[in-house]
Number of protein chains: 2
Amino acid sequence: MDRAVTISQVAALAGVSTGTASKALNGRGALRPETRLRVQQAAEQLGFVANAAARSLQTGRTYTVGMITTDSIGRFSIPLLIGAEDALGAGQMSIFLCDARDDPIREQYYLRTLLSRKVDGIIVTGRRTQARAPIGVGLPVPVVYAFISSADPADCSVVPDEADGSRRAIRHLLAVGRRRIALVTGPEHHHSASVRARAAEDTLAAEGLRPAVPTLYGEWSEAWGRQAAGILLSTGADVDAVFCGSDQIARGLAEALTKAGREIPRDVALVGFDNWDVMVEGCQPPLTSIDMDLEGIGRTAAEQLLAAINGTPAHGQHARPCRLVPRASTAV
Amino acid sequence: MDRAVTISQVAALAGVSTGTASKALNGRGALRPETRLRVQQAAEQLGFVANAAARSLQTGRTYTVGMITTDSIGRFSIPLLIGAEDALGAGQMSIFLCDARDDPIREQYYLRTLLSRKVDGIIVTGRRTQARAPIGVGLPVPVVYAFISSADPADCSVVPDEADGSRRAIRHLLAVGRRRIALVTGPEHHHSASVRARAAEDTLAAEGLRPAVPTLYGEWSEAWGRQAAGILLSTGADVDAVFCGSDQIARGLAEALTKAGREIPRDVALVGFDNWDVMVEGCQPPLTSIDMDLEGIGRTAAEQLLAAINGTPAHGQHARPCRLVPRASTAV
DNA sequence: CTGAAAGCGCTAACAG
DNA sequence: CTGTTAGCGCTTTCAG
């Protein structure tokens, strides 16, 4: 907790002025190579680390960005964060993480804090893909929404193309020869659930097909998956594949179907959504699933933010394609 | 991206000097109430937010802390982070999140960055509880290790008392009348695996018992749990309970035992470790498990850090007790 | 090629 | 009670 080394100390040791030392250390100006070297050695020797506050006070840039997760930090936020860190870290930027816990008060408080810290930009993320009210209007720094999207079309949002994911799932099931496909997903009022189901139905319709039974809406849980299996079996509809709204649902379904004597994928093929490692690998057999590439979304959002910071902001919603990861649950 | 409002603008609008405005806004000095009010209104009107960089340049405090996760951000980091945020957010401190991804180079880079940002303190965390080399020596700011611990006993570490968790698990199984208890856990060379197993064996020994079969070491996966079930069944040892090193192992075991016709908990009672929501709830029946209270660890670590920042650093390893969460897998 | 000086926005003495 | 002044540590003209 000793007083930190300042650039003037470095300058003194190197026998130059602070201005010269600054130039030497930042590679600016036109200096004699030996002077530059002398300063660098002095800095090294003293363990000099520039004071970011002082620098940013001067330059107006802080090389920091804030990341506000509106819903509590969760499973989805991590890959987003990692992706963003990836893109920002390379540019020497640090991230302030703020967990607003779904509380508007906290959210505004954090926003204020971030502005006082003069972050260069803000990434807003959340647990649901549904559009949300902008976090603020006329903010002095660029904002990019990741995963979640802003209701204001002028804002920049980077989101997964969930409909694309559904299409891939259905096409894959069709490709492995299934025709009597059922859909089991989360709550009907949940944006992701309805978007995914709708797209799946449309994809079937485009092939002249319909779901084997009306889409089953429930919860995002294994328990619901197990329950849904019972429903499917009791309808007598001869389902040969199920596309689930989440890996958890799929897993519950797999378990219950297996218990009821159905063999996966021979009797029923299964596709999940999220490609959540512990779920798809724990499932028996391992689960084919749709990956939203959250890390890529985080990375793209960060890149968009950097672009905006550098003066070329993007607008509107950028939907990124999903990827199907085939595993044993749909193996032919 | 307009130039931000400065305190001198506020002062001008309120018709006072900047010094007075500063005092008014920070509740310092002795001002006439009406003056204070006038300044506050002016600040409000202009949407003034103090520049943190300028302030910290003056005061030497930044009210920021860095959190370095040595291993990649994972499931364990989230609750730790939430707990830390909780304790720090109250004190108006912001967190820089840095993911070193298990790369010493990145780690040192981040450390340097954090120091240049003049953070008031640093929390180091990771995926394994095993002691690690200190992140640096003679650092100008206090450091607290959370979950992970530092090999230097002079450093402050806040860790889960995993042995305590094991004791609770075994005592619970004994309390529900089990005597032929087996232990199935992760890799033998993994610190958590061995600590947990050792403590469980010791607890049994204290009751004059031994594990029903020699402790089974394997991986931290459901697959291993399933495999272990096969081993247990084939030994012919009449096991009436299994304490697993993780919820995933327990879940695999539950699945395989059920499939083999054993009923849980009637024939075999099961206790997991981690109390990971999706695992314990997805398990059939729901899994009794040991909770390390990661959020509490994060909170405590942050509190220790705040104490250190305020001049009263703690030293050594602080082990926090675990908690057993009973569910159907051990119901009597 | 290098030094001197000004100033980023704020706080903290110290006068008045 | 309020204003003035002097920096915090750094970058950046502008002279020399």
Side-chain angles (χ1 to χ4, degrees), chain A residues 1-40 42-43 46-64 92 113 115-120 140, chain B residues 1-40 42-43 46-64 92 113 115-120 140:
Chain A
M1 340 257 177
D2 21 61
R3 201 107 210 86
V5 181
T6 73
I7 199 172
S8 57
Q9 295 174 36
V10 173
L13 180 60
V16 297
S17 69
T18 62
T20 303
S22 171
K23 286 167 206 151
L25 260 18
N26 294 299
R28 252 183 283 279
L31 300 192
R32 216 183 320 160
E34 65 184 81
T35 309
R36 199 176 289 277
L37 190 66
R38 197 146 34 90
V39 174
Q40 283 166 345
L46 297 174
F48 170 73
V49 186
N51 181 326
R55 174 178 288 167
S56 79
L57 190 55
Q58 172 65 220
T59 63
R61 281 282 307 263
T62 57
Y63 292 90
T64 60
Q92 315 261 65
T113 305
L115 293 180
S116 88
R117 297 204 185 277
K118 296 280 178 277
V119 292
D120 294 336
Chain B
M1 341 255 178
D2 22 60
R3 202 106 210 87
V5 180
T6 72
I7 200 171
S8 57
Q9 294 175 35
V10 173
L13 179 61
V16 297
S17 70
T18 62
T20 304
S22 172
K23 285 169 207 151
L25 261 16
N26 294 299
R28 252 184 283 280
L31 301 191
R32 215 181 323 159
E34 64 183 81
T35 308
R36 196 177 292 274
L37 190 67
R38 197 148 31 90
V39 174
Q40 283 165 345
L46 296 174
F48 169 74
V49 187
N51 181 325
R55 175 178 286 166
S56 79
L57 190 55
Q58 171 63 222
T59 63
R61 281 282 307 262
T62 57
Y63 292 91
T64 60
Q92 314 261 66
T113 304
L115 294 180
S116 88
R117 297 203 186 279
K118 295 284 178 278
V119 293
D120 294 336

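Letters go in sequence order (proteins before strands), and every chain restarts at 1.
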Below 4.0 Å: OP1/OP2 of C:dC1 and any side-chain N or O of A:Arg32: no

Min side-chain heavy-atom separation A:Leu37-A:Pro33 under 4.5 Å: no

Distance, rounded to the nearest Å, where A:Ile7 contributes CD1 and C:dA4 contributes P: 15 Å

Position toward the 5' end of DNA chain D (nearest nucleotide), B:Val16 or A:Ala52: B:Val16

Heavy-atom check, side chain of B:Arg117 versus side chain of B:Thr62, under 4.5 Å: no

Phosphate OP1/OP2 of D:dT11 contacted by A:Arg28 side-chain N/O (<4.0 Å): no

N or O in side chain of A:Thr35 less than 4.0 angstrom from C:dC1 OP1/OP2: no

Protein-nucleotide distance (A:Arg117, atom CZ; C:dG9, atom C1'), rounded to Å: 16 Å

B:Arg28: salt bridge (charged side-chain N to carboxylate O under 4.0 Å, His left out) partners, not counting sequence neighbours: none

Selected nucleotide, minimal atom distance to A:Leu57 side chain, candidates D:dT12, C:dC10, D:dG9: D:dG9

Side-chain heavy-atom pair A:Val39, A:Val10 within 4.5 angstrom cut-off: yes

Whole-Å distance separating the CG atom of B:Leu25 from the C1' atom of C:dA12: 16 Å

From B:Gln40 atom CD to B:Thr35 atom OG1, the distance as rounded to the nearest 0.5 Å: 10.5 Å

Sugar-phosphate, base or nothing in reach of A:Ser22, heavy atoms under 4.0 Å: base

B:Lys23 vs B:Val16 side-chain heavy atoms within contact, under 4.5 Å: no

Touch class at under 4.0 angstrom, heavy-atom based, for A:Ala53 against every strand present: nothing

Polar pairs (N or O, both sides) under 3.5 Å between protein and nucleotides 4-7 of chain D?
unit_1: D:dG7; atom_1: N2; unit_2: B:Gln58; atom_2: NE2; d: 2.2

Contact under 4.0 Å: B:Asn26 side-chain N or O vs C:dT11 OP1/OP2: yes

Other residues, nucleotides, ligands: >12 heavy atoms within 6.0 Å of B:Phe48 CZ: yes

Atom pair distance, as rounded to whole Å: NZ in B:Lys118 and P in D:dG9: 9 Å

Value in whole Å for how far the C1' atom of C:dC8 lies from CG of B:Asn51: 8 Å

